[in-house]
Amino acid sequence: MSTPQYQPQYQGYAPAPASAKTNTLAIIALISSFFISLLGVILGHVALGQIKRTGEGGRGLAIAALVIGYASIALSVVLLIVVLGSAAASQA
């Protein structure tokens, strides 16, 4: 009686892991932060909450929207102070 000789079976490659769906609100937040900073900030915070709850992708997009939105708002406030300060100085 001979023992059967087993050939190793070709297993192939494992399928690529499915990428997480990107949160739509994070994409909208990033785009809107370039045009309406406050809207980008609000949507960015909402998107982060959704991403945390659902596990979707797009956390980096939401954070980028927050950074751009907050930076734009800060720059606008500084510019407003400079313009009002120079207008007040020219009146005196």
Side-chain angles (χ1 to χ4, degrees):
M1 213 175 185
S2 69
T3 58
Q5 303 247 340
Y6 290 104
Q7 294 288 330
Q9 294 290 326
Y10 176 72
Q11 297 296 322
Y13 293 106
S19 61
K21 179 182 171 280
T22 303
N23 185 284
T24 306
L25 203 55
I27 298 169
I28 295 170
L30 181 63
I31 294 169
S32 66
S33 68
F34 287 107
F35 301 106
I36 305 170
S37 302
L38 185 60
L39 183 62
V41 168
I42 293 169
L43 293 178
H45 281 290
V46 174
L48 280 177
Q50 286 182 354
I51 290 167
K52 187 176 183 179
R53 190 175 63 251
T54 63
E56 292 177 312
R59 186 172 190 273
L61 295 174
I63 291 173
L66 289 174
V67 170
I68 293 168
Y70 279 127
S72 296
I73 291 171
L75 186 63
S76 298
V77 168
V78 169
L79 187 62
L80 182 66
I81 290 171
V82 168
V83 168
L84 291 177
S86 66
S90 67
Q91 294 293 329

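For clarity, every value in this text was computed on a predicted model and none was experimentally measured.
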**Prompt:** What residues, two or more places apart in sequence or in another chain, satisfy side-chain hydrogen bond (donor to acceptor under 3.5 Å, both in side chains) together with Gln50?
**Reply:** Asn23

**Message:** Going by the rule side-chain hydrogen bond (donor to acceptor under 3.5 Å, both in side chains), which residues pair with Lys52 if we only count those two or more places apart in sequence or in a different chain?
**Reply:** none

Can you tell me how far the [atom1] atom of [X] sits from the [atom2] atom of [Y], to the nearest 0.5 Å?
X     : Y     : atom1 : atom2 : result
Ile42 : Leu25 : CD1   : CG    : 11.0 Å
Ser33 : Ile73 : OG    : CD1   : 10.0 Å
Thr22 : Glu56 : OG1   : CD    : 8.0 Å
Ser76 : Leu38 : OG    : CG    : 10.5 Å

**Request:** Find out if a path of hydrophobic residues (ILVMFWY) with successive side-chain heavy-atom gaps under 4.5 Å connects Leu79 to Phe35.
**Result:** no

**Message:** Starting from Leu30, can I reach Leu75 by hopping between I/L/V/M/F/W/Y residues whose side chains sit under 4.5 Å apart?
**Reply:** no

**Closest non-hydrogen atom pair, Ala29 against Gly44** = CB-N, 3.5 Å

**Complete:** Closest non-hydrogen atoms of Ala26 and Ile51, given as atom of the first, atom of the second and distance, are CB-CD1, 4.3 Å

**Request:** Output, in order, the C-alpha distance, side-chain angles, deciding distance and verdict of side-chain contact (heavy atoms from CB on, under 4.5 Å) for Ser32 and Leu43.
**Result:** CA-CA 9 Å; Ser32 66; Leu43 293 178; 3.9 Å; yes

Which atom pairs, one a donor and one an acceptor, fall under 3.5 Å between side chains of residues 62-70 and the rest of the protein, sequence neighbours left out?
unit_1	atom_1	unit_2	atom_2	d
Tyr70	OH	His45	NE2	3.0

